[in-house]
Amino acid sequence: MAGLDEMKYRLGSNPRVGRVLTASDAAEALRLLRSDDPDLFGQRDADESIVDAVFADVSMPGLSGMELARVLTAFRNPPALVFITGHEENALEAFEVGALDYIMKPANAERIDRALRTIEKNKLQAAKGPRALEAPAPDDEEVIPVELAGTTRMIPRKDVRWVEAQGDYARLHTTEGSHLVRIPLAQLEERWAEAGFLRIHRSFLVSLSLVTELRMSSSGYSVVLGGGQPKELPVSRRHTRELKDRLVRAPRQNWGQQ
């Protein structure tokens, strides 16, 4: 129960979360979800910032987390589902049964907050209808000004394959070449996170949509980027788990748009 208490504490400490109810197994969770007791869930306005979600361990007594997920899909208004587990091999199955996110143990506050943001974003998209899932309009595409022999050239973010840190500067690598810009890599990491760029190493930020391979060797992991001449880049140990998590989530998100 220590893990359950810790998750309750972490969720309850997040300002995005209203009330946290816990269940020791799937059967108890279903009883809570089917309850219409106003003392449990209360009355809420449509725009109230409360996230309705289930954070479930894959391994539970009785019904497993996966079996619980299949029951939840039959609900008229199923809650958002996030799995928490210590086994990476369950990730793909988790998304196949409708999970929005998949958190590896031990779950920290930052990772939980990111899952909550994913839930909120999905809720907003659902409220706006199918058009919310369409590709962003061209006006939403960021461009980066770079200086080339006295000429300022505008580089679309979509043309950037990876970014390399060079001190307080960053080098943007495209299919046509590279460009040095006066922007720290950490700043680009934050600005471009929603556009599908991920930090894989203290020196590299990559476009996840271009990752074609994840390789493992005696020296660690590396990724291969497509979108031009194949490029292999190292993945640091501290970024490996998040990279694997994002690569597993990406196919599920794409399937939902087909």
Looking only at heavy atoms, the pair that brings Ala56 and Leu68 closest together is CB-CD2, 4.2 Å
Do Leu247 and Leu214 touch side chain to side chain, with heavy atoms closer than 4.5 Å? yes
In plain terms, say whether Lys121 and Glu194 are close enough for a salt bridge, that is, a side-chain N and a carboxylate O under 4.0 Å apart. yes
Which is it for Arg10 and Glu110 under the salt bridge (Lys or Arg N to Asp or Glu O under 4.0 Å) test, yes or no, and what are the steps along the way? CA-CA 10 Å; Arg10 291 195 178 280; Glu110 180 182 355; over 6 Å; no
If you group Ile, Leu, Val, Met, Phe, Trp and Tyr whenever their side-chain heavy atoms sit less than 4.5 Å apart, what else falls in with Tyr9? none
Residue pair Thr73 / Pro78, side-chain heavy-atom distance below 4.5 Å: no
Under a 4.5 Å cut-off applied to non-hydrogen side-chain atoms, are Lys231 and Val224 in contact? no
Evaluation steps, side chain to side chain contact (heavy atoms under 4.5 Å, CB included), between Phe204 and Leu225: CA-CA 12 Å; Phe204 299 112; Leu225 299 180; over 6 Å; no
Atom pair CG (Leu188) and CD1 (Ile183), whose distance is rounded to the nearest 0.5 Å: 5.0 Å
Parallel, tilted or perpendicular: which fits the ring planes of Trp192 and Phe197, with parallel below 30° and perpendicular above 60°? tilted
Would you please say whether a donor-acceptor pair under 3.5 Å links the side chains of Ser178 and Arg171? yes
Test item: Leu172 and Val181 side chains (from C-beta on) under 4.5 Å apart, heavy atoms: yes
Please name the pair of heavy atoms, one in Pro79 and one in Ala53, separated by the smallest distance, quoted to 0.1 Å. CB-CA, 4.4 Å
Pair Leu81-Leu100, side chain to side chain contact (heavy atoms under 4.5 Å, CB included): steps then yes or no: CA-CA 6 Å; Leu81 178 63; Leu100 279 183; over 6 Å; no
I'd like to know whether Leu116 forms a side chain to side chain contact (heavy atoms under 4.5 Å, CB included) with Arg111, so could you lay out the CA-CA distance, the side-chain angles of the two residues, the decisive distance to 0.1 Å, and finally the verdict. CA-CA 9 Å; Leu116 290 167; Arg111 184 64 186 84; over 6 Å; no
Please report the interatomic distance CD1(Ile200) to CD(Glu189), rounded to the nearest 0.5 Å. 11.5 Å
Partner of Tyr221 under side-chain hydrogen bond (donor to acceptor under 3.5 Å, both in side chains), picked from Lys244, Arg237, Arg215, His239, is Lys244
Donor-acceptor contact below 3.5 Å, side chain Asp25 vs main chain Glu28: yes
Would you say that Leu243 contacts Leu208 through its side chain, given a criterion of any heavy-atom pair below 4.5 Å between the two side chains? yes
Under 4.5 Å between any side-chain heavy atoms of Val160 and His173, yes or no? no
CA sep, side-chain torsions, deciding dist, call: Leu185, Arg199, side chain to side chain contact (heavy atoms under 4.5 Å, CB included): CA-CA 9 Å; Leu185 188 66; Arg199 188 79 166 260; 3.5 Å; yes
Should Lys105 and Glu6 count as an ion pair when the cut-off is N to O under 4.0 Å? no
Indicate the atoms forming the closest heavy-atom contact of Val58 with Ser64, along with that distance. O-CB, 3.6 Å
On a heavy-atom basis, which atom in Arg161 and which in Gly228 lie closest, and how many Å separate them? NH2-C, 4.0 Å
Kindly compute the distance separating CD1 (Ile144) from OG1 (Thr174), expressed to the nearest 0.5 Å. 10.5 Å
Looking at Arg117, I want to see if its CZ is surrounded by more than 12 non-hydrogen atoms of other residues, nucleotides or ligands under 6.0 Å. yes
Any salt bridge linking Asp245 with Arg241? Criterion: basic side-chain nitrogen under 4.0 Å from a carboxylate oxygen. no
Residue pair Met66 / Phe83, side-chain heavy-atom distance below 4.5 Å: yes
Please name the pair of heavy atoms, one in Ser24 and one in Pro61, separated by the smallest distance, quoted to 0.1 Å. O-CD, 3.9 Å
Testing the basics here: between Ser236 and His201, what is the closest heavy-atom pair and its distance to 0.1 Å? OG-CA, 3.8 Å
Say you draw a straight line from CG of Leu72 to CG of Leu30; how long is it, rounded to the nearest 0.5 Å? 6.0 Å
